[in-house]
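Encoded as structure tokens, the structure appears first; notes follow it.
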Amino acid sequence: MSAAPSATSEEASTEQVMLEIGRRAKAAARRLALATPAQKNAALTAMAQAIRARSALICEANAEDVAAARQDGLSPSFIDRLALDPGRVEAIAAGIELVRDLADPVGTVMEAWDRPNGLRIERVRVPLGVIGVIYESRPNVTADAAALCLKSGNAAILRGGSDSFRSSRALHQAIALGLDQAGLPAAAISLVPTRDRAAVGQMLQGLGGTIDVIIPRGGKSLVARVQVEARVPVFAHLDGNCHVYVHGAAPLAMAKAIVLNAKMRRTSVCGAAETLLVDEACAGTHLRPLVAALLDTGCEVRGDSLTRIVDPRVTPASEEDWSTEFSAPIIAVKVVSGLGEAIAHVERYGSHHTDAIVTTDQAAADRFLAEVDSAIVLHNASTQFADGGEFGFGAEIGIATGRMHARGPVGVEQLTTFKYRVRGSGQTRP
């Protein structure tokens with residue numbers, strides 16, 4: 001009887017598998033970069049059809065993942081993110097078709113100009129290459145990432161969470177069928193075939209130079225690991241510490257509707273509001289009803305000294321609360337002296353993700369939009385609009401808060417870079 005393989009041999013085997021996936025993805029990326037919009041759209045159509053045809057198989061695989069998650073004692077909110085049913089599978093397929101119907105960004109001439117020497121210069125959109133996507137429990141990310149990468153001419157290497165392993169594999173099998181029917185290489189969309197965590201580390205190292213960018217989609221610990229260990233560029237945000245500032249010229253009814261939606265529509269998403277700032281100019285009329293509305297919907301309110309006066313149910317806010325992404329029905333509330341203090345608070349404690357002002361004062365709104373250095377700033381709208389679908393991107397592969405290349409929702413356009421095409425007629429440089 002042969003001995004069980006050692007940890008070292010297992011790691012070596014995983015590394016070999018991952019390097020081969022990287023090599024094949026790199027070769028596929030070159031083909032995808034030259035694929036026509038019609039070819040890519042045909043593949044996306046076939047992928048959506050295959051997912052619908054295999055809906056029962058996908059749901060069966062997901063049921064195994066959900067059963068294992070329940071056995072492991074995972075939270076109801078986690079299981080809700082993980083679970084699929086025929087309706088959710090249909091939504092996944094429809095989402096692929098939404099991406100299919102977007103304008104193809106590849107080959108778009110962003111700008112063109114003529115030089116005095118007769119040269120014609122064009123800046124043209126091209127794919128990034130190979131995109132590594134590392135994500136956690138949501139199996140729909142498998143399809144979203146595949147569709148967005150394919151539409152933008154990129155190959156993708158997908159590493160889903162261990163808890164959604166069976167679901168992601170079932171979805172990927174349907175995706176592979178779609179690619180095959182359209183005559184595109186299966187390696188265009190690869191799914192890491194192992195739960196071995198060493199595979200993540202190898203992706204972060206770049207798989208021998210074959211990965212061009214990493215996108216993490218998950219919780220703070222995952223994103224932090226990616227940002228620390230990655231040796232390739234990363235599109236990501238670490239925290240979603242979002243603010244709603246109710247300015248002195250804010251209508252109370254509008255403020256209440258926006259604050260409740262921004263906090264309570266879905267408390268776990270990265271666009272959920274975590275801090276409410278209320279201007280002292282309207283605190284006398286607005287603070288109490290806003291706080292009461294939050295408390296009455298089951299939200300815990302942690303407030304400064306002025307906020308605690310208006311309702312005995314408010315608990316004291318700590319210094320740490322101002323910089324915390326609660327991802328739960330908890331909000332920190334503070335009264336500020338005016339627009340300047342509100343902007344300063346957001347700058348000091350915010351995460352440059354999404355922040356909103358509620359006001360009918362256009363000058364105040366313009367100053368807030370100009371001075372708040374976040375990926376998304378809103379005037380008279382909920383922070384929960386921080387979503388690629390709501391921006392008209394069809395879907396998103398994540399939200400980026402960095403300052404290089406992509407910022408805000410990352411859709412097909414953000415998954416491209418550019419090159420310059422220069423046309424001459426024999427010019428030489430003197």
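- Once rounded to the nearest 0.5 Å, the distance linking NE2 of His247 with CG of Leu277 reads 12.5 Å.
- A donor-acceptor contact shorter than 3.5 Å links the side chain of Thr297 to the backbone of Leu294.
- Remark: the backbone N or O of Ser13 is not paired with any side-chain donor or acceptor of Gln16 at under 3.5 angstrom.
- In this structure, Arg159 CZ and Arg195 CZ are separated by 9.5 Å, a value rounded to the nearest 0.5 Å.
- Sorted by first and then second residue, the salt bridge (charged side-chain N to carboxylate O under 4.0 Å, His left out) pairs involving residues 126-138 (not counting sequence neighbours) form an empty list.
- Asn241 and Tyr349 form no side-chain donor-acceptor contact under 3.5 Å, judged by distance and modelled atom types alone.
- Summarising the local packing, CZ of Arg24 is surrounded by 12 or fewer heavy atoms from other residues, nucleotides or ligands at distances under 6.0 Å.
- Taking 4.5 Å as the limit, every side-chain heavy atom of Val99 sits out of range of all side-chain heavy atoms of Leu150.
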Apply side-chain contact (heavy atoms from CB on, under 4.5 Å) to Val246 and Ile357, showing your working. CA-CA 6 Å; Val246 177; Ile357 182 173; over 6 Å; no
Does Ile343 form a side-chain contact (heavy atoms from CB on, under 4.5 Å) with Phe368? I'd like the steps, not just the answer. CA-CA 7 Å; Ile343 293 171; Phe368 186 91; 4.2 Å; yes
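- The CD1 atom of Ile330 sits 9.0 Å away from atom OG1 of Thr324, with the distance rounded to the nearest 0.5 Å.
- Remark: Glu319 CD is packed, more than 12 non-hydrogen atoms of other residues, nucleotides or ligands lying under 6.0 Å away.
- Under the 4.0 Å criterion applied to side-chain N and carboxylate O atoms, Arg125 and Glu413 are assigned as salt-bridge partners.
- A distance of 12.5 Å separates CG of Leu369 from CD1 of Ile376, quoted to the nearest 0.5 Å.
- Between the side chain of Glu64 and the backbone N or O of Ala61, no donor-acceptor pair lies under 3.5 Å.
- Note that CD1 of Ile96 is 11.0 Å distant from CD of Gln49, once rounded to the nearest 0.5 Å.
- Looking only at distances, no side-chain donor or acceptor of Asp304 sits under 3.5 Å from a matching main-chain atom of Lys334.
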What's the verdict on side-chain contact (heavy atoms from CB on, under 4.5 Å) for Ile134 and Leu204, showing C-alpha distance, side-chain angles and the deciding distance? CA-CA 10 Å; Ile134 302 171; Leu204 298 180; 3.8 Å; yes
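- Pairs engaging residues 139-154 under the salt bridge (charged side-chain N to carboxylate O under 4.0 Å, His left out) rule: none recorded [sequence neighbours left out].
- Panel note: side chain Glu274, backbone Ile331; no donor-acceptor pair is recorded below 3.5 Å.
- Asp361 and Thr359 are not linked by any side-chain donor-acceptor pair at a separation below 3.5 angstrom, with hydrogens and angles left out of the test.
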Applying side-chain hydrogen bond (donor to acceptor under 3.5 Å, both in side chains), run through Thr142 and Ser168 and close with a yes or a no. CA-CA 6 Å; Thr142 303; Ser168 295; 3.1 Å; yes
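- Remark: Phe235 pairs with His405 by the ring pair (Phe, Tyr, Trp, His ring centres under 6.0 Å) rule, at least two apart or across chains.
- Judged purely by atom type and a 3.5 angstrom limit, Arg308 has no side-chain atom pairing as donor or acceptor with the backbone of Pro316.
- Smallest separation of non-hydrogen atoms from Leu415 and Ser152: CB-OG, 3.5 Å.
- The pair Glu90-Arg88 fails the salt-bridge criterion, with no side-chain N (NZ, NE, NH1 or NH2) lying under 4.0 Å from an Asp/Glu carboxylate O.
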Could you walk me through whether Arg166 and Glu60 satisfy the salt bridge (Lys or Arg N to Asp or Glu O under 4.0 Å) test, starting with their C-alpha distance in whole Å, then the side-chain angles of each, then the deciding distance to 0.1 Å, before giving a yes or no? CA-CA 9 Å; Arg166 301 174 188 86; Glu60 287 174 15; over 6 Å; no
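- Between His237 and His352, the distance from one ring center to the other does not fall under 6.0 angstrom.
- Salt-bridge annotation for Arg407 and Asp373: present, with a side-chain N of the basic residue lying under 4.0 Å from a carboxylate O of the acidic one.
- In this structure, the separation between OG1 on Thr401 and CD1 on Ile399 is 9.5 Å, given to the nearest 0.5 Å.
- Evaluation of the side-chain hydrogen bond (donor to acceptor under 3.5 Å, both in side chains) test over residues 94-110, restricted to residues two or more places apart or in two chains, returns Lys40-Asp104, Thr45-Arg100, Arg52-Glu97.
- Shown here for Arg31 and Gly183, the closest heavy-atom pair between the two residues is NH2-O, 3.2 Å.
- Take Pro233 and apply the side-chain contact (heavy atoms from CB on, under 4.5 Å) test, not counting sequence neighbours, and it matches Val213.
- Between Arg313 and Glu300, none of the side-chain N atoms (NZ, or NE/NH1/NH2) sits under 4.0 Å from a carboxylate O, so this pair counts as no salt bridge.
- With sequence neighbours excluded, the residues satisfying side-chain contact (heavy atoms from CB on, under 4.5 Å) with Asn380 are Met254, Val358.
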Begin with the C-alpha distance, continue with both residues' side-chain angles, and end with the deciding distance and a verdict on side-chain contact (heavy atoms from CB on, under 4.5 Å) for Asp239 and His353. CA-CA 8 Å; Asp239 289 306; His353 190 293; over 6 Å; no
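- For His286, the ring pair (Phe, Tyr, Trp, His ring centres under 6.0 Å) criterion is met by no residue, not counting sequence neighbours.
- Legend: residues meeting side-chain contact (heavy atoms from CB on, under 4.5 Å) with Ser318, ordered by chain and number and at least two apart, are Glu320, Asp321.
- Looking only at side-chain heavy atoms (C-beta outward), Ile131 and Ile215 come within less than 4.5 Å of each other.
- Without hydrogens or angle criteria, Glu122 side chain to Val109 main chain gives no donor-acceptor distance under 3.5 Å.
- For the salt bridge (charged side-chain N to carboxylate O under 4.0 Å, His left out) condition, the pairs that include at least one residue of residues 202-217, sequence neighbours left out, are Lys26-Asp212.
- In this structure, Leu19 and Leu207 approach most closely via the heavy-atom pair CD2-C, 3.8 Å.
- Take Phe418 and apply the ring pair (Phe, Tyr, Trp, His ring centres under 6.0 Å) test, not counting sequence neighbours, and it matches Tyr420.
- Judged purely by atom type and a 3.5 angstrom limit, Asn154 has no side-chain atom pairing as donor or acceptor with the backbone of Ala29.
- Here ring pair (Phe, Tyr, Trp, His ring centres under 6.0 Å) pairs that include residues 370-401, with residues two or more places apart or in two chains, are Phe391-Phe393.
- Between Val126 and Thr417 the shortest side-chain heavy-atom distance falls below 4.5 Å.
- Between the side chains of Asp65 and Ser164, not a single donor N or O lies within less than 3.5 Å of an accepting N or O.
- For Asp387 (side chain) and Glu390 (main-chain N/O), a donor-acceptor pair under 3.5 Å exists by modelled atom type.
- Side-chain atoms of Thr36 come within 3.5 Å of backbone N or O of Gln39 as a donor-acceptor pair.
- Considering all non-hydrogen atoms of both residues, Gly206 and Val232 come closest at CA-CG1, 3.9 Å.
- The side-chain contact (heavy atoms from CB on, under 4.5 Å) search around Cys59 returns Ser55, Pro86, Val89, not counting sequence neighbours.
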